[in-house]
Structures are given as C-alpha cells and as structure tokens.
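So the structure is just underneath, and the comments pick up after that.
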Amino acid sequence: ATTEIYTLSLHDALPISSSGTWSNGPTGFAYQWQRCDAAGANCTPILGANGQGYTLTAADVGARVLVSVTATGTPGLSATATSMPTAVVQ
C-alpha cells in the first residue's frame, strides 16, 4: 500500500522538475495533465493543461491529478510515460 505524506490544496502549483530519462535522444517533449477520480482512475485530459506545470483549480478538489509526458524524436518516433496520480486534492 502507498502512504500519502502530503496534502494538495486549491491553487497549489505542480511543476515538473524533470522530463525523465529517455533512450534514443528525444528532440522534444509534450505534456498533458489529467484529472482522475478520488481513486486515481477514470482520468481525462484537462483542457489547456499542457505545460510543464499545472496550478490546481476548484475543479480539482476531491480529485487526483497526473501528467503524461510524450517524448518525440526523429523520424517521427514517440513514446509516452505517465506519472502516478497525486494525493486527493483538498
């Protein structure tokens, strides 16, 4: 079981400190933040939340948030990694 040792509140900022480690030298990264239910399931993209950071809004209260990072390379190769969901936003 995972123990959550932090609390997220309305207007907290969620930055991405690193895009991760990728093989084959990607040339770019794309981000998509998603809002999930309180169990961390049924995630859907958050409209307009496609930057390296995301600030929690009233719509996130009671939900969990995660981010998908897509690395792109040449010629047209891409791969996506998705974070674990946050704690439930208070």
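Numbers here simply count residues along the sequence, with the first being 1.
A 4.5 Å side-chain heavy-atom check between F29 and T72 finds every atom pair outside the cut-off. Between L66 and T82 the shortest side-chain heavy-atom distance falls below 4.5 Å.
Judged by distance alone, with hydrogens and angles left aside, the side-chain atoms of D37 form a donor-acceptor pair with the main-chain N or O of G40 at under 3.5 Å. A donor-acceptor pair under 3.5 Å is absent between the side-chain atoms of T70 and the main chain of T80, judged by distance alone.
Between the side chains of Q34 and S68, a donor-acceptor pair is found at a separation under 3.5 Å.
For A63 against R35, the heavy-atom pair with the smallest separation is CB-CG, 3.7 Å. A pairwise comparison of heavy atoms in R64 and V88 identifies NE-CG2, 3.6 Å as the closest pair. Taking every heavy atom of both residues into account, W33 and G51 meet most closely at NE1-O, 2.9 Å.
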Inset, instruction - Could you check Y54 against V65 for side chain to side chain contact (heavy atoms under 4.5 Å, CB included), going step by step and ending with a plain yes or no? - result: CA-CA 10 Å; Y54 175 69; V65 176; 4.3 Å; yes
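From D60, atom CG reaches atom CD1 of I46 across 5.0 Å, with rounding to the nearest 0.5 Å.
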